[in-house]
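We number each residue from 1, following the sequence as shown. Since the structure is predicted, the reported quantities are computational estimates derived from the model, not experimental observations.
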Amino acid sequence: QVQLVESGGGLVQPGGSLRLSCAASGFTFSIYAMSWYRQAPGKQRELVAAIASAGGSTSYADSVKGRFTISRDNAKRMVLLQMSSLKPEDTAVYYCSVVRIYRYWGQGTQVTVSS
């Protein structure tokens, strides 16, 4: 079955950096686009970044453009989200996701940006 396991979240000061990882299993990772979403308290889940199956095409929410970078390692079945210049408004639970007939989600990893 499809499994997505996120890691790398934590508490960071404004202006700091974090790298999130998502380990995927249960499907042919290399042929699916992958994405990162986030959900802040009291807000809807929103798309943060997405990457095509071969990694050549990426897209970002306007709020994170120039600060976040999504990448993938198909050999390791991993998708990464490098986050820099973090702001308090980036505080949220971050989820890895794939659409394979249905949309699948990981359990999420908490990112808190606070001084």
Q: For the side chain of N74 and the backbone of S53, is there at least one donor-acceptor N/O pair under 3.5 Å apart?
A: yes
Q: State plainly whether one hydrophobic cluster holds both V2 and Y102, where clusters connect Ile, Leu, Val, Met, Phe, Trp and Tyr through side-chain heavy atoms under 4.5 angstrom apart.
A: yes
Q: With clusters defined by side-chain heavy atoms of hydrophobic residues (ILVMFWY) lying less than 4.5 Å apart, directly or transitively, does V98 cluster with I51?
A: yes
Q: Ignoring hydrogens and angles, tell me if any N or O in the side chain of Y60 forms a donor-acceptor pair with the backbone of I70 under 3.5 Å.
A: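 At least one qualifying donor-acceptor pair exists.
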Q: Using modelled atom types only, decide if a donor and an acceptor are shared between the side chain of S97 and the backbone of W36 within a distance under 3.5 Å.
A: no
Q: Ignoring hydrogens and geometry, is there a side-chain-to-backbone donor-acceptor pair from E6 to Q107 under 3.5 Å?
A: yes
Q: Going from OG on S114 to CG on D90, what distance comes out if it is rounded to the nearest 0.5 angstrom?
A: 12.5 Å
Q: According to a 4.5 Å side-chain heavy-atom criterion applied to Ile, Leu, Val, Met, Phe, Trp and Tyr, with indirect links allowed, do V93 and V48 form part of one hydrophobic cluster?
A: no
Q: Main chain of A50, side chain of T58: is a donor-acceptor contact present, judged purely on distance under 3.5 Å?
A: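 Side chain of T58 to backbone of A50: no pair is present.
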Q: How long is the span from the CD atom in E46 to the CZ atom in R38, to the nearest 0.5 Å?
A: 4.5 Å
Q: For residues Y37 and V79: do they belong to one hydrophobic cluster (side chain heavy atoms under 4.5 Å, members Ile, Leu, Val, Met, Phe, Trp, Tyr)?
A: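 No, it is not one cluster - the side chains of Y37 and V79 are not joined through contacts under 4.5 Å.
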Q: Hey, what do you get for CG (L47) to OG (S63), rounding to the nearest 0.5 Å?
A: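 Going from the CG atom of L47 to the OG atom of S63 covers 9.5 Å.
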Q: For the CZ atom of F68 and the OH atom of Y94, what is their distance to the nearest 0.5 Å?
A: 4.0 Å
Q: Would you tabulate the side-chain donor-acceptor contacts of residues 17-26 under 3.5 Å, counting partners in other chains and residues two or more places apart, or write 'none'?
A:
none

Q: Looking at CE of M78 and OG of S71, how far apart are the two atoms once the value is rounded to the nearest 0.5 Å?
A: 9.5 Å
Q: Can you check whether T91's main-chain N or O pairs, donor with acceptor, with T112's side chain at less than 3.5 Å?
A: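 Not at all, since once roles are kept as given, no pair shorter than 3.5 Å links the two residues.
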Q: Would you say CD of Q44 has more than 12 non-hydrogen atoms from neighbouring residues, nucleotides or ligands within 6.0 angstrom?
A: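 No, the 6.0 Å shell around CD holds no more than 12 heavy atoms from other groups.
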Q: Is the Y95 ring parallel, tilted or perpendicular to the W105 ring (thresholds 30°, 60°)?
A: perpendicular
Q: State which residues pass salt bridge (charged side-chain N to carboxylate O under 4.0 Å, His left out) with K65; sequence neighbours excluded, sorted by chain then number.
A: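 Result, salt bridge (charged side-chain N to carboxylate O under 4.0 Å, His left out) vs K65: D62.
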Q: Minimum heavy-atom separation for R67 to S84, with atom names?
A: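 Closest approach of R67 to S84: O-OG, 2.8 Å.
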Q: Angle between ring planes, F29 versus F27, binned at 30° and 60°: parallel, tilted or perpendicular?
A: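 The rings of F29 and F27 sit tilted, inter-plane angle from 30° to 60°.
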Q: Minimum heavy-atom separation for A33 to R72, with atom names?
A: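 Heavy atoms of A33 and R72 come nearest at CA-NH1, 3.9 Å.
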Q: Do L4 and M34 have side chains that get closer than 4.5 Å, going by heavy atoms?
A: yes
